[in-house]
Amino acid sequence: MNKKVIIVSGSSGEIGSAIVKAFIQDNSFVIGLDKDSPKKTVTTDFKHISVDLYNFSEDSSYSANIIENIKKSMPSNYSRLIIINNAALQILKPINEISISDWNNSFYINTFSPFFLVQAFLNELSSSSGQVINITSIHSRLTKSNFACYSASKAALDSLTRSMAIELSQKGISINSIAPAAILTNMLKAGFDEESKLNELENFHPSKSIGNPEDLAKLVKSVSLLDDNFLTGSVIEYNGGISNRLHDPN
């Protein structure tokens, strides 16, 4: 039986690793893109390709080599191609300290690399009725101090999801975003200087919980199991209900 091919960017982080594991368990062939190597050896159904996503977006010759390497790594026969744009850079700075380099890094990695990765595989996605799932963030719609670069780049990725769906859905390609709130990763912890504040964040969610990478990976896989392309151009919120809570003096 021909396997699905899953391309996952940011495959070595906590969320990326959980996504890779979920799809390998589903008997898919997974290609992980990350500048860091996987933390542990996985099966022969996984291929790691070292990628600097800033260079991927900025240098056309570099990206061409990466794309060629990915295509050579794909099985000759596969049932469906799914691209999961999960990689992210989170720069936390107040407005007065943000540099041009900060903006470039945020958008090249969080917004431009997903676009160019999808663009490079349009034929393969179309011929296999493929899918694109972009991992964005609650910060694309609701944010706070010091998150300007991150929130703007993720909002742009949600906008890109909607725009690409208009053109790609007619080619049989579905493209959606999943926008998580707090997921317990090192990147989340970096935004909190005290553990007590992390506990306070947990209680802010109506669910009284913070998400975990494994459950987010389950959601990603469940979206990928849809056989039609009617779910497209959507932003699926995964946030413990926090986006519905109004904080006011009462």
Inset, instruction - Taking only Lys NZ, Arg NE, NH1 and NH2, and the carboxylate oxygens of Asp or Glu, determine whether Glu214 and Lys21 approach each other closer than 4.0 Å. - result: no
Inset, instruction - List, by chain and then residue number, the residues other than Ile242 in its hydrophobic cluster (Ile/Leu/Val/Met/Phe/Trp/Tyr, side-chain heavy atoms under 4.5 Å); write none if there are no others. - result: Ile138, Leu142, Phe204
Inset, instruction - Please confirm whether Lys71 makes a cation-pi placement over Phe121, using NZ or CZ under 6.0 Å from the six-membered ring centre and within 45° of the ring normal. - result: yes
Inset, instruction - With rounding to the nearest 0.5 Å, note down the distance linking CD1 in Ile95 to CG in Asn146. - result: 8.0 Å
Inset, instruction - Indicate whether any N or O donor in one side chain lies under 3.5 Å from an N or O acceptor in the other, for Asp102 and Asn105. - result: no
Legend entry - Contact check, side chains of Leu122 and Leu168, non-hydrogen atoms, under 4.5 Å: yes
Legend entry - Pairs meeting criterion ring pair (Phe, Tyr, Trp, His ring centres under 6.0 Å) with involvement of residues 225-246, two or more places apart: none
Inset, instruction - With the side chain counted from C-beta on, respond yes when Gln131 and Ile173 share a heavy-atom pair under 4.5 Å apart, and no when they do not. - result: no
Inset, instruction - Would you check if the side chain of Asn176 reaches a backbone N or O of Gly233 as a donor-acceptor pair within less than 3.5 Å? - result: yes
Legend entry - Hphob cluster co-occupancy, Ile66 + Leu81, side-chain heavy atoms under 4.5 angstrom: yes
Legend entry - side-chain hydrogen bond (donor to acceptor under 3.5 Å, both in side chains) involving Asn69 - partner list, sequence neighbours excluded: none
Inset, instruction - Check whether any side-chain heavy atom of Ile133 lies under 4.5 Å from a side-chain heavy atom of Ile83, and answer yes or no. - result: no
Inset, instruction - Quick one: pull up CG in Asp52 and CG in Leu33 and give me the separation to the nearest 0.5 Å. - result: 12.0 Å
Inset, instruction - Show your reasoning for whether side chain to side chain contact (heavy atoms under 4.5 Å, CB included) applies to Ile98 and Cys149. - result: CA-CA 8 Å; Ile98 294 174; Cys149 289; 3.6 Å; yes
Legend entry - Point-to-point distance, once rounded to the nearest 0.5 Å, from OG of Ser137 to CZ of Phe147: 8.0 Å
Inset, instruction - Only counting residues at least two apart or in another chain, list the ones meeting side-chain hydrogen bond (donor to acceptor under 3.5 Å, both in side chains) with Ser127. - result: none
Legend entry - Pro180: which of Ile236, Ile135, Thr185 passes side chain to side chain contact (heavy atoms under 4.5 Å, CB included): Ile135
Legend entry - His205: partners by ring-ring contact (aromatic ring centres under 6.0 Å, His included), with sequence neighbours left out: none
Legend entry - Side-chain (Ser234) to main-chain (Leu231) donor-acceptor, under 3.5 angstrom: no
Inset, instruction - Scan side-chain atoms only and decide if Thr111 and Ser153 contain a donor-acceptor pair under the 3.5 Å cut-off. - result: no
Inset, instruction - Keeping the roles fixed (side chain from Lys208, backbone from Asn203), state whether a donor-acceptor pair exists under 3.5 Å. - result: yes
Inset, instruction - Taking the side chain as every heavy atom from C-beta outward, state whether Ile84 and Phe23 have any pair of such atoms under 4.5 Å apart. - result: yes
Legend entry - Expected output: side-chain Ser159 to main-chain Ala155 donor-acceptor under 3.5 Å: no
Legend entry - Residues that Ser207 engages under side-chain hydrogen bond (donor to acceptor under 3.5 Å, both in side chains), provided they are two or more places apart: Ser209
Legend entry - Nearest non-hydrogen partners of Ala182 and Leu201, listed with the distance: CB-CD2, 3.7 Å
Legend entry - Where Ala22 and Ala217 come nearest, the two heavy atoms and their spacing: CB-CB, 4.1 Å
Inset, instruction - For Asn123, enumerate each residue passing the side chain to side chain contact (heavy atoms under 4.5 Å, CB included) test, keeping only those at least two apart in sequence or located in another chain. - result: none
Legend entry - Whether Glu58 side chain and Asn55 backbone form a donor-acceptor pair below 3.5 Å: no
Legend entry - Euclidean distance, His139 NE2 relative to Lys154 NZ, rounded to 0.5 Å: 10.5 Å
Legend entry - Check: Lys221 main-chain N/O paired with Ser224 side-chain donor or acceptor under 3.5 Å: yes
Inset, instruction - Flag yes if Leu92 and Tyr108 sit in one hydrophobic cluster, no otherwise; membership is Ile, Leu, Val, Met, Phe, Trp, Tyr, and two members link when side-chain heavy atoms are under 4.5 Å apart. - result: no
Legend entry - Gln90 side-chain N/O to Tyr150 backbone N/O, donor-acceptor pair under 3.5 Å: no
Legend entry - Val220 and Lys218, any side-chain heavy atoms less than 4.5 Å apart: no
Inset, instruction - Say whether, by atom type as modelled, one donor and one acceptor occur between the side chain of Ser63 and the main chain of Ser60 under 3.5 angstrom. - result: yes
Inset, instruction - Would you indicate whether Asp228, at its atom CG, is surrounded by more than 12 heavy atoms from other residues, nucleotides or ligands within a distance under 6.0 Å? - result: yes
Legend entry - Heavy-atom closest pair, residues Pro213 and Ala18: O-CB, 3.6 Å
Inset, instruction - Might you point out which heavy atoms bring Pro75 and Phe29 nearest each other, and give the distance in Å? - result: CD-CD2, 3.7 Å
Inset, instruction - Answer with yes or no whether the hydrophobic clustering places Leu117 together with Phe107; edges join I, L, V, M, F, W, Y residues whose side-chain heavy atoms lie under 4.5 Å apart. - result: yes
Legend entry - Pairs involving residues 63-93, ordered by first then second residue, that meet ring pair (Phe, Tyr, Trp, His ring centres under 6.0 Å) (sequence neighbours left out): none
Legend entry - Set of residues satisfying side chain to side chain contact (heavy atoms under 4.5 Å, CB included) with respect to Ser177, sequence neighbours excluded: Asn134, Thr136, Asp158, Thr161, Val235
Inset, instruction - Please check if atom CD1 in Ile100 has more than 12 non-hydrogen atoms from other residues, nucleotides or ligands closer than 6.0 Å. - result: no
Legend entry - Check: Ser37 and His48 side chains under 4.5 Å, non-hydrogen atoms: yes
Inset, instruction - Examine the side chains of Glu237 and Ser243 and answer whether a donor and an acceptor come within less than 3.5 Å of each other. - result: yes
Legend entry - Candidate pair Lys3 and Asp45, rule side chain to side chain contact (heavy atoms under 4.5 Å, CB included), full reasoning: CA-CA 10 Å; Lys3 295 186 175 185; Asp45 286 331; 2.8 Å; yes
Inset, instruction - Treat each ILVMFWY residue as a node, draw an edge where side-chain heavy atoms are under 4.5 Å apart, and state whether Met164 and Phe56 are in one component. - result: yes
Legend entry - Cluster overlap Leu157 with Ile178, hydrophobic side-chain contacts below 4.5 Å: no
Legend entry - Contact summary for Pro38 and Ser12, nearest pair of heavy atoms: N-OG, 3.5 Å
Legend entry - Ser113 (side chain) donor-acceptor with Leu53 (main chain) under 3.5 angstrom: no
Inset, instruction - Please name all residues satisfying salt bridge (charged side-chain N to carboxylate O under 4.0 Å, His left out) with Lys72, sequence neighbours left out, ordered by chain then number. - result: Glu68
Inset, instruction - Consider only side-chain N and O atoms of Asn110 and Ser106, and report whether a donor and an acceptor are under 3.5 Å apart. - result: no
Inset, instruction - Apply side chain to side chain contact (heavy atoms under 4.5 Å, CB included) to Glu202 and list each qualifying residue two or more places apart in sequence or on a separate chain. - result: Ile210
Legend entry - Side-chain heavy-atom pair Ile6, Ile31 within 4.5 angstrom cut-off: no
Inset, instruction - Under the side-chain hydrogen bond (donor to acceptor under 3.5 Å, both in side chains) rule, collect the residues that match up with Ser61, sequence neighbours excluded. - result: Asp59
Inset, instruction - Compare all side-chain heavy atoms of Val30 with those of Ile7 and state whether any distance is below 4.5 angstrom. - result: no
Legend entry - Side-chain donor or acceptor of Asp34 paired with backbone N/O of Ser11 under 3.5 Å: yes
